[in-house]
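Single-structure report; data block below.
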Amino acid sequence: MRFAFAFLALLALSACGLQPIYAGANGKAAIADLSAIEVAPIEGRDGWLVATALEDRLSIGPAGQTPRYRLDILLDDELGSLGLLSDETVSRERRTLRARYQLVDLSSGAILLDSTAGSDAGIDVVSSDYATIAAERAALERLAQVVADQIVTRVSLTLRAQD
């Protein structure tokens with residue numbers, strides 16, 4: 001009975017139409033498309049973190065390839081107070097990183113994708129200023145990684161739909 005159920009589940013999943021991003025030609029087309037993207041400079045420390053994370057994820061193809069696409073990104077980094085104690089000191093902060101990005105085809109100038117990505121993180125404010133600042137920076141580094149992952153996933157799907 002378990003075998004029959006597993007077999008039916010396998011058949012149902014194979015008919016759902018989902019395909020991996022790197023399917024076909026051993027994933028070489030997707031890798032070539034991703035490595036053909038240049039990341040436009042992004043202002044600030046948060047911009048450097050996101051750009052570095054994106055370049056790590058996009059530079060998986062052959063080196064020296066001329067870019068066919070450009071990724072333009074505008075970031076919004078906010079740090080807000082959440083928890084207030086009875087003496088009106090902050091006990092908790094929330095860091096939010098949002099990115100509005102566009103994938104531009106360099107040959108035609110057409111915008112292939114115009115979307116947003118973002119994430120947030122909670123930070124405990126402790127009595128040590130150094131520990132709080134370190135936690136804020138660590139949160140920003142994690143958020144940059146998450147936002148870069150979201151952007152690469154969405155760009156991959158868009159480029160796959162172009163093929």
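Residue indices begin at 1 and follow the sequence shown. No hydrogens, no waters, no symmetry mates; every other heavy atom, side chains included, goes into these values.
The distance from the CD1 atom of Ile151 to the CZ atom of Arg57 is 10.0 Å, given to the nearest 0.5 Å. Here the straight-line distance linking atom OG1 of Thr116 with atom CG of Asp76 works out to 11.5 Å at 0.5 Å rounding. One distance of note links CG of Leu58 with CG of Leu71; it measures 7.0 Å at 0.5 Å rounding. With rounding to the nearest 0.5 Å, the separation of OG in Ser115 from CZ in Arg154 is 4.0 Å. Distance CD/Glu38 to OG1/Thr66: 10.0 Å, rounded to 0.5 Å. The CD atom of Gln145 sits 10.5 Å away from atom CG of Leu140, with the distance rounded to the nearest 0.5 Å.
Judged purely by atom type and a 3.5 angstrom limit, Thr132 uses its side chain to pair as donor or acceptor with the backbone of Val126. Of the possible donor and acceptor atoms, one in the side chain of Gln150 sits under 3.5 Å from a partner among the backbone N and O of Gly118.
By the salt bridge (charged side-chain N to carboxylate O under 4.0 Å, His left out) test, Arg137 is found to be paired with no residue, residues two or more places apart in sequence or in another chain being considered. Residues that satisfy the side chain to side chain donor-acceptor pair (under 3.5 Å) test with Arg142, not counting sequence neighbours, are absent from this structure. Residues satisfying the side chain to side chain donor-acceptor pair (under 3.5 Å) test with Glu136, not counting sequence neighbours, are none. Applying the side chain to side chain donor-acceptor pair (under 3.5 Å) rule to Asp46 yields no partners; only residues at least two apart in sequence or on another chain are considered.
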**Study point:** salt bridge (Lys or Arg N to Asp or Glu O under 4.0 Å) assessment of Arg92 paired with Asp124
**Key:** CA-CA 5 Å; Arg92 188 106 172 121; Asp124 288 329; 2.6 Å; yes
Review point. Can you list the steps and then say if Ile37 with Leu159 is a side chain to side chain contact (heavy atoms under 4.5 Å, CB included)?
Key: CA-CA 11 Å; Ile37 298 173; Leu159 292 177; 3.8 Å; yes
**Study point:** Ile42/Leu74 under side chain to side chain contact (heavy atoms under 4.5 Å, CB included): CA gap, chis, key distance, verdict
**Key:** CA-CA 7 Å; Ile42 311 169; Leu74 293 173; over 6 Å; no
Exercise for review: Could you walk me through whether Leu34 and Ser156 pass the side chain to side chain contact (heavy atoms under 4.5 Å, CB included) test, one step at a time?
Suggested key: CA-CA 7 Å; Leu34 287 178; Ser156 298; 3.5 Å; yes
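Looking at every heavy atom in both residues, Ala53 comes nearest to Ala144 through CB-O, 4.2 Å. In terms of heavy atoms, Ala40 sits closest to Asp72 at CB-OD1, 3.3 Å. The shortest heavy-atom contact between Leu106 and Pro67 is CD1-O, 3.6 Å.
Counting heavy atoms from C-beta on, the side chains of Leu157 and Val155 never come closer than 4.5 Å. Using a 4.5 Å heavy-atom cutoff, the side chains of Leu112 and Tyr69 are in contact. The closest side-chain heavy-atom distance from Leu143 to Ser119 is below 4.5 Å. With a 4.5 Å cut-off on side-chain heavy atoms, Val50 and Leu97 count as touching.
Residue Ile123 is found in a hydrophobic cluster whose other members, listed by chain and number, are Leu79; membership requires side-chain heavy atoms under 4.5 Å apart, directly or through intermediates.
Applying the side chain to side chain donor-acceptor pair (under 3.5 Å) test to pairs two or more places apart or on separate chains, those with a residue in residues 96-106 are Arg100-Asp114, Gln102-Asp114, Asp105-Ser107.
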